[in-house]
Structures are given as structure tokens and as C-alpha cells.
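Note that these values count all heavy atoms, side chains included, but never hydrogens, waters or copies made by symmetry. Throughout, a chain's letter reflects where its sequence line sits, starting with A, and its residues are numbered from 1.
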Number of protein chains: 2
Amino acid sequence: MVYKTSEVPADIEIPEEISGLRMTRQRQEVYRTLMQERNHPTANDVFMRVKDRLPNISLATVYNCLEALVQHGIIRQVNFERESSRYCPNLSEHGHFHDETTGVIHDIDFKPGVHLADLLNLPPGAVIEDVEITLRGKLLTA
Amino acid sequence: MVYKTSEVPADIEIPEEISGLRMTRQRQEVYRTLMQERNHPTANDVFMRVKDRLPNISLATVYNCLEALVQHGIIRQVNFERESSRYCPNLSEHGHFHDETTGVIHDIDFKPGVHLADLLNLPPGAVIEDVEITLRGKLLTA
DNA sequence: CCAATATCAAGAATTATTCCAATTATTATT
DNA sequence: AATAATAATTGGAATAATTCTTGATATTGG
């Protein structure tokens with residue numbers, strides 16, 4: 001779901017603490033931004049956005065917050081080639097399609113019932129902790 | 001296939017030109033290294049390895065060569081999180097499993113008949129140019 | 001309330017990679 | 001074969017994203 005900025009719900013409910021992570025004001029605002037801007041922003045994008053509400057926040061803190069949220073499984077970090085990391089609060093198993101012409105990143109779901117691990121010849125004993133599926137291409141808007 | 005260094009065939013056949021790319025001595029040696037060291041080396045790994053045969057080669061040239069080979073579809077560039085890029089001469093559609101404990105990267109094939117694009121809900125009109133599947137985890141060697 | 005701990009801010013440091021300018025090598029042209 | 005045009009290589013400087021460091025602030029537990 002994507003909101004126009006003007007329609008963003010003023011306050012998304014954010015708990016005091018998530019899975020053992022202290023939700024400081026900075027972490028809350030970083031998380032809120034990701035929930036509102038569903039377009040896979042970079043750390044710097046988040047930084048600029050969060051400054052509206054916390055003018056004194058530093059970029060280093062945004063990086064710290066993002067890392068803390070990633071470590072605690074609250075958001076996901078998404079990488080394309082060697083570009084800046086992007087962040088995404090969609091925790092369901094999904095991939096990303098990077099449209100080269102517009103730069104837009106689309107979340108890609110599996111068709112119902114598909115589970116990636118079933119389709120791969122994994123080495124015996126492999127325990128998967130994280131999967132990243134990234135597609136690059138063009139979107140023909142004929 | 002992985003050779004011990006002492007057993008590496010002295011000269012893998014490398015054509016003068018591949019799909020329009022002039023195969024200079026530097027590109028040949030970079031490519032040869034990738035064919036011999038099937039362990040997904042970084043640019044710097046390749047650089048150190050190639051220096052045995054071309055002591056004057058520069059790291060910039062290794063980067064140039066790798067880029068040229070990637071651009072011409074002769075090798076693939078593989079990225080894990082934000083680590084240095086790695087390079088791989090296996091052109092078949094496959095993914096990579098990064099064993100966190102050993103650091104080893106394993107090529108992962110699809111089970112026969114599986115085609116990733118068929119299993120995803122791609123946006124209409126999407127033309128895929130590249131797919132990257134990376135898995136991170138541990139290999140239990142019980 | 002006080003001590004211990006965690007977080008934050010600002011700027012410096014790091015590191016992979018790219019860029020740049022000068023040289024060298026290769027190919028095409030006469 | 002000589003020369004001109006083009007492409008590749010080098011080495012070092014520049015870049016950019018991210019991490020580190022240090023001192024200040026805030027929070028929690030006792």
C-alpha cells in the first residue's frame with residue numbers, strides 16, 4: 001500500500017519495544033518513515049525524511065537505527081548490485097524487481113504455494129538464514 | 001571442478017576474441033584465473049593471482065577487465081550484501097549460497113525443469129535482464 | 001538518587017570502486 | 001611498412017557509502 005504524502009496517517013502505532021529492542025524516538029521515526037514511504041528508500045532518503053520530525057538526528061544515527069531494526073528482524077535490507085542499501089518493512093518472503101528505466105523497485109511475490117527452498121539443489125546440511133532475490137530489467141508500458 | 005594449484009592445466013584454451021571483445025593478455029589472464037579458481041574471488045583476489053603471470057598489471061586494469069568480461073556476458077558478477085563483488089565464470093542460471101561459518105560460496109542449481117520467472121508474480125510487461133539469488137546461512141557438517 | 005549501560009551526534013576514517021591523464025599497444029589506412 | 005586513429009593499460013587521485021571513534025545524553029536497574 002502506498003500513500004500520497006498528504007494522505008499519510010499521522011501516527012502509525014509503534015510499540016515501545018519490539019522483540020527486545022528499545023524503541024527510542026529515533027528508531028520510531030525511522031521505522032515510521034519506512035512504513036509510510038514504501039518505495040525502498042536509502043539510508044540517506046530516510047535521513048532527509050526523518051529530519052522533518054527530528055531536526056537534530058544525524059545520518060550516523062539513521063544508519064544505527066536501520067541496522068538495529070534489521071538485526072531484530074523488524075525491517076529488511078535490500079541490495080542491488082553495489083548501489084546504496086535500501087530498506088523495506090515488508091517481512092513476507094518476497095523478491096525485488098528493479099526497473100532500470102524508472103529506477104522504481106517493485107516487491108515481487110511468489111505465486112501461491114511456491115517455496116524457493118524446495119526448488120533448489122541445496123548442499124546437504126544447509127540451513128538458510130536469509131534469501132535475497134533481485135531482478136533487474138525493464139517494464140514495457142506499451 | 002577445482003584444481004590444486006600444482007595441477008592447474010598450464011594453458012586453458014582462450015580464444016582471441018569473444019563476442020566482440022578483444023582478448024588482450026590482461027583479459028585472458030583475468031579470465032583464466034576465474035576458470036581455474038572456482039571459488040568466487042574478489043577483484044583483489046584476482047589481482048594478486050594474476051600478478052604471478054603479469055607482474056605489472058594494475059588493480060584498475062583488473063577492474064576494467066572484469067567489467068569488460070561481465071558486460072560481454074562472459075562472466076558474472078555476484079554480490080553479497082555490501083561486500084566486495086565476486087566473479088564467477090559459471091553462466092548457467094544458478095544461485096549462490098554463502099556459508100557464514102567458512103565464508104565459502106557454493107553455486108546452487110535449480111532442480112530440473114524449474115524456471116524462476118514462472119514462479120513469480122511479475123508486474124505485467126516486465127522484461128527480466130538479470131536475476132540474482134543469494135542465500136546466506138550455515139552448513140551443518142554433523 | 002546513583003551507577004551502569006545504551007544510545008546519540010559529529011566528524012574522522014575506511015574501503016571498494018571509479019575516474020583521470022599520460023603512456024602504450026593494437027588496428028586500420030595509406 | 002609507416003602513420004594515424006582507436007582502444008587498453010597504469011598509477012595515482014577522487015568518490016561515496018558506510019563504519020568507527022569519542023564525548024555527550026539519555027535510560028534503566030538497584
Side-chain angles (χ1 to χ4, degrees), chain A residues 14-33 40-72 74-87 98 103 105, chain B residues 14-33 40-51 53-72 74-88 98 103 105:
Chain A
I14 294 169
E16 296 283 305
E17 185 170 320
I18 299 183
S19 56
L21 179 68
R22 217 161 83 196
M23 278 308 253
T24 63
R25 188 77 208 288
Q26 288 84 344
R27 287 174 185 159
Q28 284 173 28
E29 293 300 343
V30 165
Y31 183 63
R32 183 203 309 280
T33 298
H40 305 85
T42 64
N44 199 57
D45 294 337
V46 173
F47 175 51
M48 291 188 304
R49 196 84 177 62
V50 166
K51 271 198 293 197
D52 294 349
R53 284 167 166 259
L54 297 177
N56 296 325
I57 198 169
S58 74
L59 179 55
T61 297
V62 172
Y63 272 105
N64 288 342
C65 292
L66 290 169
E67 188 190 353
L69 294 168
V70 169
Q71 298 289 299
H72 285 75
I74 298 164
I75 64 173
R76 303 193 47 175
Q77 182 172 15
V78 180
N79 298 294
F80 288 92
E81 322 263 314
R82 304 224 86 246
E83 292 170 19
S84 314
S85 288
R86 295 165 173 279
Y87 299 87
H98 190 194
I105 292 164
Chain B
I14 293 168
E16 298 281 305
E17 185 171 320
I18 298 181
S19 55
L21 180 69
R22 217 159 86 194
M23 279 307 253
T24 63
R25 188 77 208 288
Q26 287 85 344
R27 288 176 184 158
Q28 283 173 30
E29 293 300 342
V30 165
Y31 183 64
R32 183 202 310 279
T33 299
H40 306 84
T42 64
N44 199 57
D45 293 338
V46 173
F47 175 50
M48 292 188 303
R49 197 85 176 61
V50 165
K51 271 199 290 198
R53 283 166 167 260
L54 297 177
N56 296 325
I57 198 170
S58 75
L59 180 55
T61 298
V62 172
Y63 272 105
N64 288 341
C65 292
L66 289 168
E67 189 190 352
L69 294 167
V70 169
Q71 298 290 300
H72 285 74
I74 298 164
I75 64 173
R76 301 194 49 174
Q77 182 172 14
V78 180
N79 298 294
F80 288 92
E81 322 263 314
R82 303 225 87 245
E83 293 171 19
S84 314
S85 288
R86 294 166 174 280
Y87 299 86
C88 152
H98 190 193
I105 292 165

(request) Send over the distance from Y87(A) OH to dA17(D) P, rounded to a whole Å. (result) 12 Å

(message) OP1 or OP2 of dA16(D) versus the side-chain N and O atoms of S84(A): is any pair under 4.0 Å?
(response) no

(request) Would you mind reading off the distance between L59(A) atom CG and dC20(D) atom P, rounded to a whole angstrom? (result) 15 Å

(request) On DNA chain C, reading 5' to 3', which nucleotide is the first and which the last to sit with an atom under 4.0 Å from a heavy atom of chain A, could you check? (result) dA6(C) to dT17(C)

(request) Over all heavy atoms of both residues, which pair between L54(B) and Q26(B) is shortest? Give the atoms and the distance, please. (result) CD1-CA, 3.8 Å

(message) Given dG11(D), dA8(D), dT18(D), identify the nucleotide with an atom nearest to the side chain of S58(B).
(response) dG11(D)

(request) Say whether, by atom type as modelled, one donor and one acceptor occur between the side chain of R86(A) and the main chain of A43(A) under 3.5 angstrom. (result) no

(request) Using heavy atoms to find the nearest nucleotide of DNA chain D for L54(B) and R86(A) separately, return the residue whose nucleotide is more 5′. (result) L54(B)

(message) Contact between R32(A) and R53(A) at the side-chain level, heavy atoms closer than 4.5 Å - yes or no?
(response) yes

(message) Could you tell me how far apart E81(B) (CD) and dA17(D) (P) are, to the nearest whole angstrom?
(response) 18 Å

(request) Please determine, for the side chain of R22(B), which listed nucleotide (dA17(D), dA8(D), dT9(D)) has the closest atom? (result) dA8(D)

(message) If the cut-off is 4.0 Å, is R82(A) near the phosphate of dA17(D), judged by side-chain N/O to OP1 or OP2?
(response) no

(request) Return the minimal non-hydrogen interatomic distance between I74(A) and Y31(A), and the atom names on each side. (result) CG2-CE1, 3.5 Å

(request) Using side-chain contact (heavy atoms from CB on, under 4.5 Å) as the criterion, point out the one residue from V30(B), T33(B), T61(B), I57(B) that pairs with F47(B). (result) I57(B)

(message) Do R27(B) and R22(B) have side chains that approach each other closer than 4.5 Å (heavy atoms only, starting at C-beta)?
(response) yes

(request) With heavy atoms under 4.0 Å as the rule, sort N64(A) into base, sugar-phosphate or nothing. (result) nothing

(message) Please confirm whether the shortest side-chain N or O distance from Q26(A) to OP1 or OP2 of dA26(D) is below 4.0 Å.
(response) no

